[in-house]
A.B. asks: 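Pasting a structure below so you can have a look.
Remember, it's a predicted structure, so these values are computed and weren't measured experimentally.
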Amino acid sequence: MKVQITTRHCDVSDDLREHTQAQIDKLSRYDPRVGSADVTYTEEKHTRKVDVVVHIDGAEAVVAQAEAREFRTALDKAIDRLVRMLKRERQQHRDHSAPPLSKHTREA
């Protein structure tokens, strides 16, 4: 899966980039249509923000944001939110129709 990582006002280590790639790759478990993702790291005074946009083939993009003191913590929070959203969306799109009636129906 293609992951685009962007940084604003900060530098991100290679270890964090690999961790980001691994976490985003795991999202395909919850929806196999996940095609690509854009991850933006932003550093402000005392907080670090992570914005994740996951592009799903044939559907709208799913967006999650999180902030914490460390980038890794913020990324984990954003990934948790994405997992919840993807699970909920997949549950809503499942076929909830009733099973077919059995051949033995009650005769009156």
Side-chain angles (χ1 to χ4, degrees):
M1 174 188 335
K2 181 183 174 197
V3 177
Q4 177 69 39
I5 298 174
T6 307
T7 60
R8 293 186 183 153
H9 310 293
C10 62
D11 292 322
V12 176
S13 67
D14 290 335
D15 184 44
L16 183 59
R17 288 178 189 270
E18 291 173 7
H19 180 69
T20 302
Q21 180 73 38
Q23 292 296 318
I24 298 294
D25 286 341
K26 289 180 183 179
L27 293 177
S28 62
R29 292 182 196 169
Y30 305 104
D31 195 338
R33 300 176 300 157
V34 173
S36 64
D38 298 325
V39 181
T40 305
Y41 290 100
T42 307
E43 184 173 358
E44 293 183 357
K45 289 183 182 181
H46 299 289
T47 60
R48 285 153 180 84
K49 296 180 182 180
V50 177
D51 298 330
V52 183
V53 179
V54 176
H55 302 282
I56 300 173
D57 298 333
E60 291 186 24
V62 180
V63 180
Q65 301 172 343
E67 59 181 65
R69 290 189 174 262
E70 298 296 326
F71 280 130
R72 189 175 289 258
T73 307
L75 176 66
D76 291 342
K77 286 181 182 180
I79 294 295
D80 288 342
R81 289 181 182 147
L82 284 170
V83 166
R84 277 186 278 143
M85 285 189 265
L86 290 172
K87 281 182 179 179
R88 185 179 334 123
E89 186 174 320
R90 181 142 181 166
Q91 182 67 26
Q92 289 175 352
H93 285 95
R94 280 196 184 146
D95 186 14
H96 292 287
S97 62
L101 295 174
S102 66
K103 293 180 181 179
H104 305 289
T105 58
R106 196 171 147 193
E107 295 179 14

A.B. asks: Considering only Ile, Leu, Val, Met, Phe, Trp and Tyr, and joining two whenever side-chain heavy atoms are under 4.5 Å apart, list the other residues clustered with Val53.
C.D. replies: Val63
A.B. asks: Counting only heavy atoms from other residues, nucleotides and ligands, does the tally under 6.0 Å from CG of Asp11 exceed 12?
C.D. replies: no
A.B. asks: Taking all non-hydrogen atoms of both residues into account, name the closest pair between Ala74 and Ala66 and its distance.
C.D. replies: O-CB, 3.3 Å
A.B. asks: If a pair satisfies side-chain hydrogen bond (donor to acceptor under 3.5 Å, both in side chains) and one of its residues is in residues 65-77, list it, with sequence neighbours excluded.
C.D. replies: Asp15-Arg72, His19-Arg72, His19-Asp76
A.B. asks: State which residues pass side-chain hydrogen bond (donor to acceptor under 3.5 Å, both in side chains) with Asp25; sequence neighbours excluded, sorted by chain then number.
C.D. replies: Gln21
A.B. asks: Remaining members of Met85's ILVMFWY cluster at a side-chain heavy-atom cut-off under 4.5 Å?
C.D. replies: Met1, Val3, Ile5, Val12, Leu16, Ile24, Leu27, Tyr30, Val34, Val39, Tyr41, Val50, Val52, Val54, Ile56, Val62, Phe71, Leu75, Ile79, Leu82, Val83, Leu86
A.B. asks: Which residues pass the side-chain hydrogen bond (donor to acceptor under 3.5 Å, both in side chains) test with Asp38, not counting sequence neighbours?
C.D. replies: His55
A.B. asks: Can you name the salt bridge (Lys or Arg N to Asp or Glu O under 4.0 Å) partners of Glu43, sequence neighbours left out?
C.D. replies: Arg48
